[in-house]
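Some notes on the structure that comes next.
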Amino acid sequence: MTWRFALVIEPAASDDPRHDFAGTFTVIDASAPALTVGELSTQRGDGVFESIGVVDGHAQEVAAHLERLTHSAALCDLPVPHLEQWRQAVAVAAAACGPGEAVIKLILSRGIEHGPTPTAWVIAAPAADNTSARERGVRVVTLDRGYGIDTPSRAPWLLLGAKTLSYAVNMAAIREAKRRGADDAVFVSSDGFVLEGPTSSVILRRGDVFVTPTPGAGILHGTTQLSLFDELERRGFQTAYEDVPVAALREADAAWLVSSVRLAVPVVAVDGEPLPFDPPFTGSLNAYLLSPRD
Ligand SMILES: Cc1ncc(COP(=O)(O)O)c(C=O)c1O
């Protein structure tokens, strides 16, 4: 992916009374080096981020993403982000996106070692073409995440509910899935419950009920899942947050990996066993996800 637009933000204190934050933004050359070698985001993955989907210049679900950025920052003891400042930075980046699908990333890093403030920046680029995954689906394998469903509440320092920059484990899981002949992974707890994909939430269908694993401290609360549940309820379906045993995924009437940029991708096989999928219904979910959403 070639980043087309980059903006460095001087992070404002959360109670900064200004209304206009344009003076705190510096547009930089997205292809030129920008971070100093002492950056803790690069040395330790010490920071948090968000990826926002953009459709024809409209950034989707910005408030929900900023809420999760704030939650992740709190879990990591980072300063509280100034929501209006970030909202304006997203608007500037969205205006640079042009037609079609794009992605805006927000990054809040702990900054330079012993430095006075965090480092923050926003980048934007055209999104990869996800048509094939949306239409043909993905084969997943379940991978043990190595902890029980109650571990996150006993060990909050594992930061399992924060969207931190440390995605090396998530990327390793996708490589492992590919080694096993699949396209993507679904993390499961060591006591056998479905958690999430390495870059997505899991939704499964049981008749007219749509279920997702309870977003406790162990998984991210997906903005796409939240938005889809609202839409499914508008269409008259029931939705539920549950502890989902792995067997329930294998026996589901359908399942999807959902996320802000890839959107709703049907799961067509779990651990080599086929799962039913319904292309027109998935198409209708993606048509909704591609419509302007706030
Ligand atoms: C680990 C993980 N879970 C869930 C999600 C889905 O979140 P969202 O729908 O807000 O993109 C993501 C998105 O990247 C993710 O990385």
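Position 1 is the first residue of the sequence, and the numbers go up from there. Counting starts at 1 for both ligands and their atoms, in listed order.
Taking 4.0 Å as the cut-off between side-chain N and carboxylate O, Glu50 and Lys163 do not count as a salt-bridged pair. Look at Arg139 and Asp271 and you find no salt bridge, because none of the NZ, NE, NH1 or NH2 atoms lies under 4.0 Å from a carboxylate O. Between Arg206 and Glu242 there is a salt bridge, since at least one side-chain N of the basic residue sits less than 4.0 Å from a carboxylate O of the acidic one. Comment: Arg154 engages Asp150 in a salt bridge, judged by a side-chain N to carboxylate O separation of less than 4.0 angstrom. Salt-bridge annotation for Arg145 and Glu196: present, with a side-chain N of the basic residue lying under 4.0 Å from a carboxylate O of the acidic one.
In this structure, the ring of His221 has its center less than 6.0 angstrom from the ring center of Tyr241.
Looking only at heavy atoms of the protein, atom 6 (C) of ligand 1 is closest to Ser201 OG, 3.6 Å. What sits closest to atom 14 (O) of ligand 1 on the protein, heavy atoms only, is Lys163 NZ, 2.9 Å. In this structure, the protein non-hydrogen atom closest to atom 10 (O) of ligand 1 is Thr223 OG1, 2.6 Å.
In the candidate list Asn170, Thr199, Ile52, Thr199 is nearest to atom 13 (C) of ligand 1, counting heavy atoms. For atom 7 (O) of ligand 1, the choice among Arg68, Gln60, Glu61 with the nearest heavy atom turns out to be Arg68.
For ligand 1 and Glu196, the ligand atoms under 4.0 Å from any heavy atom of the residue are 1 (C), 2 (C), 3 (N), 4 (C). Each of the following atoms of ligand 1 lies closer than 4.0 Å to a heavy atom of Tyr167: 1 (C), 2 (C), 15 (C), 16 (O). Distances below 4.0 Å separate heavy atoms of Ser260 from the following atoms of ligand 1: 8 (P), 9 (O), 10 (O), 11 (O). Close approach of ligand 1 to Leu220 (heavy-atom distance below 4.0 Å) involves ligand atoms 1 (C), 2 (C), 3 (N), 15 (C).
Rounded to the nearest 0.5 angstrom, Thr117 OG1 and Leu78 CG are separated by 11.5 Å.
Relative to the ring axis of Tyr288, Arg293 places its NZ or CZ within 45° and under 6.0 Å from the centre.
None of Asn286, Asn130, Thr224, Asp184 except one satisfies the side-chain hydrogen bond (donor to acceptor under 3.5 Å, both in side chains) rule with Arg262; the exception is Asp184.
Counting heavy atoms closer than 4.0 Å to ligand 1, residue Thr224 contributes atoms from both its backbone and its side chain. Only the backbone of Ser200 comes within contact range of ligand 1, with a heavy atom under 4.0 Å; no side-chain atom does. Within the 4.0 Å heavy-atom criterion, the part of Pro198 lying near ligand 1 is the backbone and not the side chain.
For the ligand labelled ligand 1, residue Gly53 lies outside the 4.0 Å heavy-atom shell.
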